[in-house]
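This report refers to the structure that appears directly beneath it.
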Protein chains: 2
Amino acid sequence: MVAKPGPKSGAGRRRSDETRRRIVEAAVEVLKREGFAGASAVAVAAEGRVSQGLIFYHFGMVPDLLLAALDETSSRRMEEYRAAVAGIRDLPGLLEVAARVYREDLASGHIKVLAEMIAGASTVPGLGPKIVQRIEPWVRFTEDTLRAVVSGTPLEPFLPLHEAAQGVVALYLGVELLAHLDGEQGTAEGLFDAGSRLMSLMGPLLGVAYRGGG
Amino acid sequence: MVAKPGPKSGAGRRRSDETRRRIVEAAVEVLKREGFAGASAVAVAAEGRVSQGLIFYHFGMVPDLLLAALDETSSRRMEEYRAAVAGIRDLPGLLEVAARVYREDLASGHIKVLAEMIAGASTVPGLGPKIVQRIEPWVRFTEDTLRAVVSGTPLEPFLPLHEAAQGVVALYLGVELLAHLDGEQGTAEGLFDAGSRLMSLMGPLLGVAYRGGG
DNA sequence: GTCTATACTTGGATAGAC
DNA sequence: GTCTATCCAAGTATAGAC
């Protein structure tokens, strides 16, 4: 927010905020559709039907706009995720929810935006750490969710939660990346299927660890 | 090879091949150092100390050069991987080797090249499927390796090998992507550590499944 | 705050000399 | 086969009018 220009109050402020919002929204759309490299000031301005100069007036430079776009989808998806896992207490249930939310992500394009930003980070000096900052909440969220799920099971004392969470996030990103390569989403579906089957097999092996595992 | 120009024999052919090799080598270097977006014809030509026009003479367009570069690292790394897992027959051993080879990958930059190409695929129409083609051998390799490791264990009839292999490859890519974001490689190390610990825990749980698990 | 116009830069790709 | 010179397109960023 440091460099954000604009009047501090009045009708101009409202107008400015609305424009800003439109630009961010347009940036999200373009990021999903055309990827990082396609998200130029020109393209975003066209998508949002605003003049190209406004982008630099409001955001200074394109990468900062794209970060704002990432923040926007991120916070929207985080809410969905929190709601989705709220009632979950066992691992098979979590996997089921994960598969469902993953499908929504594919549709909403949020992971695509994140993956594109990560990809683009290698081209813009200094962007990497800013992306890391924005991934950390997801690792924490995953860690909390895993903690809730394994607490009370024999697994609890042994599972390194933080590392497991990092692994899950990395896997999610990797799957998304691969899934978008040839446009088919069959790969991800297959992975979730396989995961579910493994879960129902390992539940018993772990000594009826999962409360919902029947 | 269809569009490859050049004389079919003689001294000119040798000269041409050498130039071609230099360009590919330079492309690999630039891909590792600057990423996909930084791998322009200009940058590669400078790195290889050849004229920029030669790149188009030999490869037609930049993406085709970059694919050749990917093929080059890929085949080099595949040999290393095959040698590394040749003697492995149990899961903990495999994980140990995986950690070691991953470190070499980080140093050699091969996964970085792959990750960059995947990232870049979203910007170049039609590139995606060509990358998929080049990932398939890695999934097959992983699948074969996993098969060798679980055969004879109680896990064998239940583990969906193909999906597991896809998951491993996706995880590898995701970890690489995240690791390169802020330059630290501590994350990956932590993951391998955690994996090893989990393995030594689960070996007994699975009924002394692993021959080397003591 | 927003728009139009424009300066400047980079990179893909080709032409023609050697 | 290789080099130099050049054209053209796309994109960032700024200036100045409204």
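Chain letters run A, B, ... following the sequence lines, proteins first, then strands; residues in each count from 1. Not measured: the values here are computed from a predicted model.
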Q: Determine whether more than 12 heavy atoms belonging to other residues, nucleotides or ligands lie under 6.0 Å from atom CD of B/Glu18.
A: yes
Q. Can you find a heavy atom in the side chain of A/His180 that is under 4.5 Å from one in the side chain of B/Ser122?
A. no
Q | Gap between atoms CZ and P, on A/Arg49 and C/dC3 respectively (whole Å) | A | 13 Å
Q: Measure from the side-chain heavy atoms of A/Val62 and tell me the nearest of C/dT2, D/dT12, C/dC3.
A: D/dT12
Q: Mark yes when over 12 heavy atoms from residues, nucleotides or ligands other than B/Glu72 sit less than 6.0 Å from its CD; otherwise mark no.
A: yes
Q: Round to a whole Å and report the spacing from CD1 of A/Ile55 to P of D/dT12.
A: 8 Å
Q. Separation of B/Phe59 atom CZ from C/dA13 atom C1', in whole Å?
A. 16 Å
Q | With sequence neighbours excluded, residues passing side chain to side chain donor-acceptor pair (under 3.5 Å) with B/Thr123 | A | none
Q | Euclidean distance, atom CD of residue A/Glu18 to atom C1' of C/dT2 [Å, nearest integer] | A | 14 Å
Q) Side chain of A/Gln52: nearest nucleotide among C/dT2, D/dA13, D/dC3? A) D/dA13
Could you list, one pair per line, each protein nitrogen or oxygen that sits under 3.5 Å from a nitrogen or oxygen of nucleotides 16-18 of chain D, together with the distance?
none

Q: Decide, yes or no, whether a salt bridge links A/Glu104 with A/Arg100 under the criterion of side-chain N to carboxylate O below 4.0 Å.
A: yes
Q.
What residues from residues 30-45 of chain A pass a heavy-atom cutoff of under 4.0 Å to DNA chain C?
A. none
**Q.** Atom-pair distance (CE on B/Met61; P on C/dT14), nearest Å
**A.** 11 Å
**Q.** Exceeds 12 heavy-atom contacts within 6.0 angstrom, atom CD of B/Glu96
**A.** no
Q: Taking the side chain as every heavy atom from C-beta outward, state whether A/Val44 and A/Leu31 have any pair of such atoms under 4.5 Å apart.
A: no
Q) With a 4.5 Å heavy-atom cut-off, do A/Leu106 and A/Arg103 have their side chains touching? A) no
**Q.** B/Lys130, NZ: over 12 other non-hydrogen atoms inside 6.0 angstrom
**A.** no
Q.
Please report the distance, rounded to the nearest Å, between CZ in B/Phe56 and P in D/dA5.
A. 17 Å
Q) Atom OH of A/Tyr57 and atom C1' of C/dT2: how far apart are they, to the nearest Å? A) 9 Å
Q.
Without decimals, in angstroms, what is the distance between A/Leu65 CG and D/dA13 P?
A. 11 Å
